[in-house]
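Before any comments, here is the structure.
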Number of protein chains: 2
Amino acid sequence: MTGTATSRTPAARPGALTEEAARERIIAAADELFYGRGVQNTGMDEIRGAAGVSLKRLYQLFPSKEALVEQMLLERHRAWTEGMEVAAAGAPDAVGALLAIYDYLAGWFRQENFRGCAFINCFGEMGSTSPRIAAVVRRHKSDFQEFVARLVSDAGAPPSLAPQLALLAEGAQTTAAIAGTDESAGQARNAAQTLIRVALTA
Amino acid sequence: MTGTATSRTPAARPGALTEEAARERIIAAADELFYGRGVQNTGMDEIRGAAGVSLKRLYQLFPSKEALVEQMLLERHRAWTEGMEVAAAGAPDAVGALLAIYDYLAGWFRQENFRGCAFINCFGEMGSTSPRIAAVVRRHKSDFQEFVARLVSDAGAPPSLAPQLALLAEGAQTTAAIAGTDESAGQARNAAQTLIRVALTA
DNA sequence: CAGCAGTGAGAACGATCGTTCTCCTGGCCG
DNA sequence: CGGCCAGGAGAACGATCGTTCTCACTGCTG
């Protein structure tokens, strides 16, 4: 606003990172550390080190730790939504799309850095002190509910099936995180199959 | 050990609390504060204030914050197990006992201080840094799995039903916590009813 | 009655951490 | 070529917090 008319992008500095690149590296570092170790067990200094930026740059792009957590959750939400939609789109039919949810979860659970749902973890850690974070988490969960409801509708099943299938997915996530195994995905898938079959033949 | 032969209980001091009473008050305060606000958002000083004991006494009874968290979780585990067993025992038959799980959850969700499963919350907050806490959480969840498995066996249903019903209970807890409503209990109950019916008529 | 053991109240300590500030270096524009 | 602005590295600051220590007191024991 107050700049001169020639507000060129400083961008292409040789040794330095472009703003976009710095943003991405910071978010990636925040995701790995916050998710892997917990938000409160990770200092901003560690994020800086892992991202390879200066503290100044870090605070220039994200005004506070809370804002960084929020942005990393939003990015995770984007990736989750995209992953779910791709998985559903690859299924042969509407019922297959619903079951694909649990196959997607199974693949996630098998990743060695899997530590449960980042949203649930952050909610437990900051939900009571940060309304912004709590809102992002609620939004994520309600978006997932809507996603499942859409697939249920496509399959021609009654709407009451959707929250039931969502509960199975939620339970599978926390169970896999705590037990440290991926079997809950298959169990949820089997239960979902039964519920879908009954709902469709009613 | 090194005390004199007359190791009497100092117990009945007029103004002071007995060791047992202090323990209970501390655990109660820890439960309320740790659960309501998160472990890391609660200082030992606040626990002391809420329990009405001195810091010295507090550290004498619980050698560290981690130990206090562990003991409060163990107490919660006891209360949860007892509540579940009472709820199941009050049901007319084995299927009713399984469904009573979700009624018990519904009652819990409606409590105004409900903030999700304390074990999941603590796991997210300390699971990666405290093996002791992680172990208590895993034990709690596996005990619940066994409890459900026993009821499923009593009902004459195949063992594969048990983890499915447990997933519904887990999902209902996190969903209720984040959404702030109790409807997930009813949804889980309905889904459970369907799964049980199918499992028994197979 | 003298002494001691345990206690309450709270100060003190050491560490951590979120955030800001200082200093310095190196391109870019005029 | 000289001033200027952006950025990097890291020190510094202020607050919080887990844990321990000090000190005065009280009720019991011998």
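For the numbers below, each heavy atom of this structure counts, side chains included, while hydrogens, waters and symmetry mates do not.
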Quick one: list whatever passes side chain to side chain contact (heavy atoms under 4.5 Å, CB included) with A:Tyr59, sequence neighbours left out.
-> A:Met44, A:Leu55
Strictly under 3.5 Å: I want the nitrogen or oxygen pairs between protein and nucleotides 9-11 of chain D, one per line.
none

How far apart are the closest heavy atoms of B:Ala79 and B:Tyr104, and which atoms are they?
-> O-OH, 4.1 Å
Between B:Arg150 and B:Asp154, is there a salt bridge with N-O shorter than 4.0 Å?
-> no
Test salt bridge (charged side-chain N to carboxylate O under 4.0 Å, His left out) applied to A:Arg37 and A:Glu32, step by step = CA-CA 8 Å; A:Arg37 204 185 316 169; A:Glu32 177 170 338; over 6 Å; no
Report the distance from atom CG of B:Leu58 to atom C1' of D:dT20, rounded to the nearest whole Å.
-> 13 Å
Please name all residues satisfying ring-ring contact (aromatic ring centres under 6.0 Å, His included) with A:Phe119, sequence neighbours left out, ordered by chain then number.
-> A:His140
Scan side-chain atoms only and decide if A:Ser130 and A:Glu66 contain a donor-acceptor pair under the 3.5 Å cut-off.
-> yes
Residue that, paired with A:Phe62, satisfies side chain to side chain contact (heavy atoms under 4.5 Å, CB included) out of A:Glu70, A:Arg57, A:Arg23 = A:Arg23
Can A:Arg138 be said to sit on top of A:Phe123's aromatic six-ring, NZ or CZ under 6.0 Å from centre and within 45° of the ring axis?
-> no
Which residues within residues 118-135 of chain B lie with some heavy atom under 4.0 Å of an atom in DNA chain D?
-> none
Minimum heavy-atom distance between B:Ala172 and B:Ser184, given as atom pair plus value | O-OG, 2.9 Å
Restricting to pairs with a member in residues 106-129 of chain B, which pass salt bridge (Lys or Arg N to Asp or Glu O under 4.0 Å), not counting sequence neighbours?
-> B:Arg110-B:Asp182
Under 3.5 Å, N/O pairs linking protein and nucleotides 13-18 of chain C:
unit_1 : atom_1 : unit_2  : atom_2 : d
C:dG18 : OP1    : A:Thr42 : O      : 3.4
C:dG18 : OP1    : A:Lys65 : NZ     : 2.2
C:dG18 : OP2    : A:Met44 : N      : 2.7

